[in-house]
S.K.: 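Sharing a structure, written as structure tokens. Questions coming.
Every chain is numbered from 1 and lettered A, B, ... according to where its sequence line falls, protein lines coming before strand lines.
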Amino acid sequence: MKEMNDDELQQWFEGKPAQGEPGADDAKAYSALFEALGKEPERGLPYDFSARVMQRVKADVKRRNDLKWNILTFAIFAVILAGIYGLVSIVNPKALPSLLAYKWIFLMVPVLFIAIQSVDQKLVKTNIFRL
Amino acid sequence: MFNEKEVVTRILNGDMRAFELLVKQYERLVFYVTHRLVKEQEAAEDICQEVFIKIHKSLVRFNFQSKLSTWIARIAYLTAINYVRKYHRERLSDYPDDIENYHFTTETPEQLLTKKDTANYVEHLIAQLPEKYRTVLTLYHLSEFSCAEISEITGMPEGTIKNYLFRARKLLKDKLQAYLKNELP
């Protein structure tokens with residue numbers, strides 16, 4: 001019976017049918033190799049890996065939610081402001097030019113509010129981890 | 001038993017405990033894929049965390065057209081390969097195309113010591129193989145993916161994967177055979 005070549009030997013070690021006789025040296029080497037290839041690495045992830053991932057994911061989700069909330073706050077404020085301006089233009093059109101002069105100040109209010117809130121959150125977070 | 005569809009649905013509904021279950025289920029798979037490509041343990045850990053954050057963000061786009069494990073392994077593979085390409089560019093260009101002519105580095109006394117154990121010796125040899133060979137060997141033998149699944153994960157044609165698998169194992173077998181005969185090169 002002919003001796004198996006490398007291709008046939010590899011198939012044989014994978015449990016697939018192969019014709020021929022395995023050569024003793026090759027079979028021994030392939031057996032050790034397949035065993036070693038299936039061996040898990042000695043070093044792995046730390047035992048608290050999932051907890052660390054959850055901490056990062058939660059922080060990431062919170063950051064994304066905060067961003068959505070901030071955009072929504074700004075959008076609501078802008079809509080309310082536009083509504084007030086619209087109402088004033090109907091009820092008292094003469095007062096509109098003087099109100100329009102302050103439009104950037106009004107728009108800066110939510111921007112400042114959001115900025116203060118995010119700085120505050122960052123400071124609180126830093127202090128919590130310091131404790 | 002881990003039910004992919006149920007867990008994914010729960011995660012998409014905001015259940016963080018379900019996501020923790022997913023992390024525990026697949027952390028070993030992600031680590032296996034990553035550690036063979038990224039040698040530094042700390043960097044490999046960081047990449048594993050990055051992979052799970054990406055999974056959480058993009059799970060909404062997972063449509064069950066493949067197994068969840070295949071999808072996760074693809075994210076892990078691409079994240080690790082991007083890291084290697086960014087920080088170890090020289091290693092990727094150092095390999096010859098024909099692996100039969102590949103020469104392992106000259107072994108130092110420290111490296112020879114690792115040869116005491118066959119598994120350690122094989123690990124030492126694998127670490128020197130080109131990154132594509134390492135990935136294919138890991139996904140096939142350690143993570144037990146089929147060649148078709150590895151093709152889906154890496155984007156390489158199935159024939160290429162079979163070829164890489166055969167050539168890498170033949171090369172490793174030849175080295176191991178010499179080692180087992182106490183004919184250290």
Side-chain angles (χ1 to χ4, degrees), chain A residues 3-69 72 125 129, chain B residues 11 14 16-17 19-28 30-32 34-36 41-42 44-46 48-57 117-126 137-138 140-144 162 165-181:
Chain A
E3 223 174 64
M4 286 183 191
N5 60 27
D6 282 282
D7 196 14
E8 289 164 336
L9 261 170
Q10 288 192 14
Q11 284 195 18
W12 191 60
F13 272 98
E14 280 182 357
K16 292 169 193 163
Q19 285 188 336
E21 191 76 26
D25 279 357
D26 283 344
K28 192 180 167 192
Y30 268 124
S31 168
L33 176 66
F34 272 68
E35 199 184 316
L37 286 172
K39 205 178 162 194
E40 291 182 9
E42 280 177 3
R43 294 178 76 178
L45 289 167
Y47 71 96
D48 63 342
F49 175 77
S50 61
R52 288 190 208 178
V53 171
M54 293 313 292
Q55 213 174 9
R56 279 189 66 180
V57 169
K58 279 175 188 167
D60 193 54
V61 169
K62 192 183 176 305
R63 192 182 50 78
R64 276 185 282 162
N65 284 343
D66 285 351
L67 186 72
K68 274 183 207 165
W69 179 244
L72 190 72
K125 204 171 143 188
F129 286 113
Chain B
I11 296 167
M16 293 304 259
R17 291 187 71 168
F19 187 68
E20 195 168 5
L21 263 178
L22 182 139
V23 175
K24 282 180 178 163
Q25 180 73 19
Y26 293 109
E27 63 180 23
R28 288 203 315 180
V30 171
F31 182 69
Y32 291 163
T34 310
H35 100 284
R36 278 267 163 85
Q41 175 80 7
E42 216 172 298
E45 267 182 53
D46 284 347
C48 289
Q49 285 193 24
E50 201 61 46
V51 168
F52 282 107
I53 289 168
K54 280 185 184 174
I55 290 168
H56 189 264
K57 271 185 191 165
D117 175 6
T118 312
N120 275 348
Y121 180 55
V122 171
E123 192 67 33
H124 162 74
L125 293 175
I126 292 171
L137 281 172
T138 308
Y140 191 85
H141 284 279
L142 213 49
S143 307
E144 295 178 343
K162 283 180 185 166
L165 205 53
F166 171 77
R167 289 159 83 189
R169 289 194 300 212
K170 165 101 172 51
L171 187 74
L172 292 173
K173 186 268 301 183
D174 290 342
K175 294 288 287 182
L176 196 57
Q177 205 163 25
Y179 163 67
L180 291 171
K181 281 181 184 171

S.K.: Tell me which one of Arg52(A), Arg56(A), Gln55(A) satisfies side-chain hydrogen bond (donor to acceptor under 3.5 Å, both in side chains) with Gln49(B).
M.R.: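 Of the listed options, the one satisfying the test is Arg56(A).
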
S.K.: At what distance, to the nearest 0.5 angstrom, does CG of Leu176(B) lie from CZ of Phe34(A)?
M.R.: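 Those atoms lie 11.5 Å apart.
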
S.K.: Given side chains that start at C-beta, do those of Asp6(A) and Arg169(B) come closer than 4.5 Å, heavy atoms only?
M.R.: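 Of all side-chain heavy-atom pairs linking Arg169(B) with Asp6(A), none is under 4.5 Å.
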
S.K.: Once rounded to the nearest 0.5 Å, what's the spacing between atom CZ of Arg43(A) and atom CZ of Phe31(B)?
M.R.: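 So the CZ of Arg43(A) and the CZ of Phe31(B) are separated by 8.0 Å.
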
S.K.: Roughly how far, to the nearest 0.5 Å, is CE of Met16(B) from NZ of Lys58(A)?
M.R.: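 Going from NZ on Lys58(A) over to CE on Met16(B), the span is 6.0 Å.
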
S.K.: Taking side chain to side chain donor-acceptor pair (under 3.5 Å) as the definition, give me every residue that meets it alongside Asp7(A), ordered by chain and number, with sequence neighbours left out.
M.R.: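 Partners of Asp7(A) under the side chain to side chain donor-acceptor pair (under 3.5 Å) test: none.
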
S.K.: Find the distance between CG (Leu33(A)) and CG (Leu137(B)) and round it off to the nearest 0.5 Å.
M.R.: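 Between atom CG of Leu33(A) and atom CG of Leu137(B) there are 8.0 Å.
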
S.K.: May I ask you to name which of Val53(A), Asp25(A), Val61(A), Leu37(A) has the most heavy-atom pairs under 4.5 Å with chain B?
M.R.: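 It is Leu37(A).
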
S.K.: Apply side-chain contact (heavy atoms from CB on, under 4.5 Å) to Arg64(A) and Lys57(B), showing your working.
M.R.: CA-CA 10 Å; Arg64(A) 276 185 282 162; Lys57(B) 271 185 191 165; 3.7 Å; yes

S.K.: Which pair of non-hydrogen atoms, one from Tyr30(A) and one from Lys170(B), has the smallest distance, and what is that distance?
M.R.: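 Taking every non-hydrogen atom into account, OH-CA, 3.7 Å.
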
S.K.: Grab the two heavy atoms, one from Glu27(B) and one from Phe49(A), that are nearest each other, plus how far apart they are.
M.R.: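 Residues Glu27(B) and Phe49(A), closest heavy atoms: OE1-CD2, 3.3 Å.
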
S.K.: Name the member of Lys24(B), His35(B), Gln41(B) that forms the most heavy-atom pairs with chain A at distances under 4.5 Å.
M.R.: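 Most heavy-atom pairs within the cutoff with chain A belong to Gln41(B).
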
S.K.: Return the option, out of Lys39(A), Glu14(A), Lys28(A), Gln10(A), with the maximum number of heavy-atom pairs under 4.5 Å with chain B.
M.R.: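 Max contact count across the listed options: Gln10(A).
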
S.K.: Does a side-chain heavy-atom distance below 4.5 Å link Pro41(A) with Glu123(B)?
M.R.: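 Counting from C-beta outward, Pro41(A) and Glu123(B) never come under 4.5 Å.
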
S.K.: Please classify the contact of Asp60(A) with chain B as side chain, backbone, both or neither, using a heavy-atom distance under 4.5 Å.
M.R.: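 Side chain only.
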
S.K.: Sort out for me which of Leu142(B), Val122(B), Asp174(B), Thr138(B) touches chain A most, counting heavy-atom pairs under 4.5 Å.
M.R.: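 Between Leu142(B), Val122(B), Asp174(B), Thr138(B), the count favours Leu142(B).
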
S.K.: Please classify the contact between Glu35(A) and chain B as side chain, backbone, both or neither, with a heavy-atom cut-off of under 4.5 Å.
M.R.: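 No part of it gets close to chain B.
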
S.K.: To the nearest 0.5 Å, tell me how far Phe19(B) CZ sits from Ser50(A) OG.
M.R.: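 With rounding to 0.5 Å, CZ (Phe19(B)) is 10.5 Å from OG (Ser50(A)).
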
S.K.: Looking at Gly38(A), Ala36(A), Gly44(A), Ala32(A), which one has more heavy-atom pairs under 4.5 Å with chain B than the rest?
M.R.: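 Most pairs with chain B among the choices: Gly44(A).
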
